[in-house]
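Chain A is the first sequence line, chain B the second, and so forth, proteins listed ahead of strands; every chain is numbered from 1.
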2 protein chains.
Amino acid sequence: MNFRSNESAGLRYTCPQRGHCFCKSVLNISSNEFDGHAVKNLAFTAKQYLYRQGDMNHELFVLREGWVMLTRLSEDGKRQVFRSVLPGELLGFQQHLQGPAIYSAIALLDSAVCRVPNIVKTCSSQPEFGLSLASAEANDKMLTEKYLTNIIHRSARERIAFMVSELYHRLKRRHLNRGYTIQFPLKQEDIADTLGLTTIHVNRTLHALREDGLFEIHKHELTILDYDALCTLVGSEV
Amino acid sequence: MNFRSNESAGLRYTCPQRGHCFCKSVLNISSNEFDGHAVKNLAFTAKQYLYRQGDMNHELFVLREGWVMLTRLSEDGKRQVFRSVLPGELLGFQQHLQGPAIYSAIALLDSAVCRVPNIVKTCSSQPEFGLSLASAEANDKMLTEKYLTNIIHRSARERIAFMVSELYHRLKRRHLNRGYTIQFPLKQEDIADTLGLTTIHVNRTLHALREDGLFEIHKHELTILDYDALCTLVGSEV
DNA sequence: CTGAAAAATTAACCTGGATTATTTTTTTTA
DNA sequence: TAAAAAAAATAATCCAGGTTAATTTTTCAG
């Protein structure tokens, strides 16, 4: 994370994700205004909350680097993990922008975000922005539906394989892999709370998947050992 | 559905949902252009598909009246029901507009839709449209996340109660209830494929819920018999 | 109105993942 | 660098909902 020094040197920071994903349509057009606002209050350290469930008037961000996880606590104290937000992706948009945040966003790695200043204004000054926003939301919706389908129709082993494969491919698309290895800051409990399993069963299943030589997690890194076998297990619907 | 006669008589049809939901922002502004396109090819009978999973260049609709269900078949032949689309709601938007439809939309009741003509053009001619689209998608995403959470954390009895309550409130908001009675065209198999249960278990559970006097389904109508008990079972997170 | 197909119902048995309990390892903090 | 806290690992038992197999009722086409 070296953009802070760029900022203080008066240089415009070029987002590593520019040209990819959400930023593309926004940044291609009104870079001036956007960057003017963007490079302020941008760093979060691991375990820091970007905003919490219930916060009023939380902001809209694009993740530049790092890893953010979206979670929600229900009244009975159970935690649901909705998804990981990876570099280039939007976070913080919801139907009622001014209402309380429907979930919490926590950084799992040191993270840098760029703030989208005024959504309503940007939408009217820049027609493509609204459509980008809608596309990003539709994409999130589709991802949630894929998780839903996997959780409903498949075994613990297949669910975990799906999750690993999904994250790997999402990172690979942005060249954030090192061969078959990716950073993996999720705890077993996070996997469990994403897939509707218990921590114990995730542990058992991860053990079996490692034994079978599919992939292994070690020191916050995940390495796929048998890519083909993983794909077979997941099926073609990633 | 009397709008066809309106059309042939040369009258502008006023959508019963105007002023609610998705249409609001669109129709308040460019009614002329919109209605010009809208009142054509609008009727679907029960069991008719609006579009099918895989169809190219399917259209964007707003449901005026009726009931549409969104489903997807996975390669292993299992069917997932994603949600019911109720009057006033948008259907057919997805990340890649020109790509194959990611699910099928089937009318469960005789339905009337109004077609949204050219999304990209509308977005640029009318800045609020993009934001409306994004809001609608965010709302769908939130609904999917609620179903996900319920499916993961709750028993069959609670899941079904949640689904009934969610549909009842969504219809009531549009005054499409008759007291505690609503139209209910979903089959037990549809409930099962929405909630990740077997038809047999849905049947068992519906029987128990009726026995316990919570609600009953009869001849495609659902009547809530004990609203308070239903709310208690569902919890406050509808 | 009638036969066939679709949907709903019922019963008996079984299993994947939950639950409870405890130990070991790793990470964090002082 | 040692103590405390968090995370991972392992084992034994249990049950909600799945599976299989019919039967009955409802819907619908001819």
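- If you check D/dA7, C/dA18, D/dT10 against the side chain of A/N203, the one that comes closest is D/dT10.
- In this structure, the CG atom of A/L206 is 15 Å from the P atom of D/dA7, given to the nearest Å.
- No side-chain N or O of B/H207 forms a donor-acceptor pair with one of B/R204 less than 3.5 Å apart.
- Classified by interplanar angle (parallel below 30°, tilted 30° to 60°, perpendicular above 60°), the ring pair A/Y103/A/F82 is tilted.
- Candidate nucleotides D/dG18, C/dG17, C/dA8 were compared by shortest atom distance to the side chain of A/A156, and C/dG17 ranks first.
- Ring geometry, A/Y51 versus A/H58: the interplanar angle falls from 30° to 60°, so the pair is classed tilted.
- The distance from atom CD of A/Q188 to atom P of C/dT24 is 18 Å, rounded to the nearest whole Å.
- As rounded to whole Å, 13 Å separates atom P of D/dG17 from atom CD1 of A/I152.
- Checked against A/R83 for a salt bridge (charged side-chain N to carboxylate O under 4.0 Å, His left out), the options A/D193, A/D140, A/D190 give a single hit: A/D140.
- Protein atom CD of B/E211 is 12 Å distant from nucleotide atom P of C/dT9, rounded to whole Å.
- Atom pair B/H153:NE2 and D/dA16:C1' shows a separation of 17 Å (rounding to whole Å applied).
- A sub-4.0 Å separation between OP1 or OP2 of C/dG16 and a side-chain N or O of A/R154 is absent.
- Along DNA chain D, the nucleotide closest to B/L197 and the one closest to A/H207 are compared, and the more 5′ of them pairs with A/H207.
- Taking atom CG of residue B/L186 and atom P of nucleotide C/dA6, one finds them 19 Å apart after rounding to whole Å.
- Between B/H169 and B/Y227, the ring-plane angle classifies as perpendicular under the 30° and 60° cut-offs.
- In terms of the ring-ring contact (aromatic ring centres under 6.0 Å, His included) criterion, A/F215 has no residue partners (sequence neighbours excluded).
- As rounded to whole Å, 12 Å separates atom C1' of D/dA16 from atom CD of B/E158.
- Distance, B/E216 CD to C/dA8 P: 15 Å, rounded to whole Å.
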Would you give a per-nucleotide map of nucleotides 19-27 of chain D, 5' to 3', where B means the base has a protein non-hydrogen atom under 4.0 Å away, S means only the sugar-phosphate does, and - means neither? BB------S
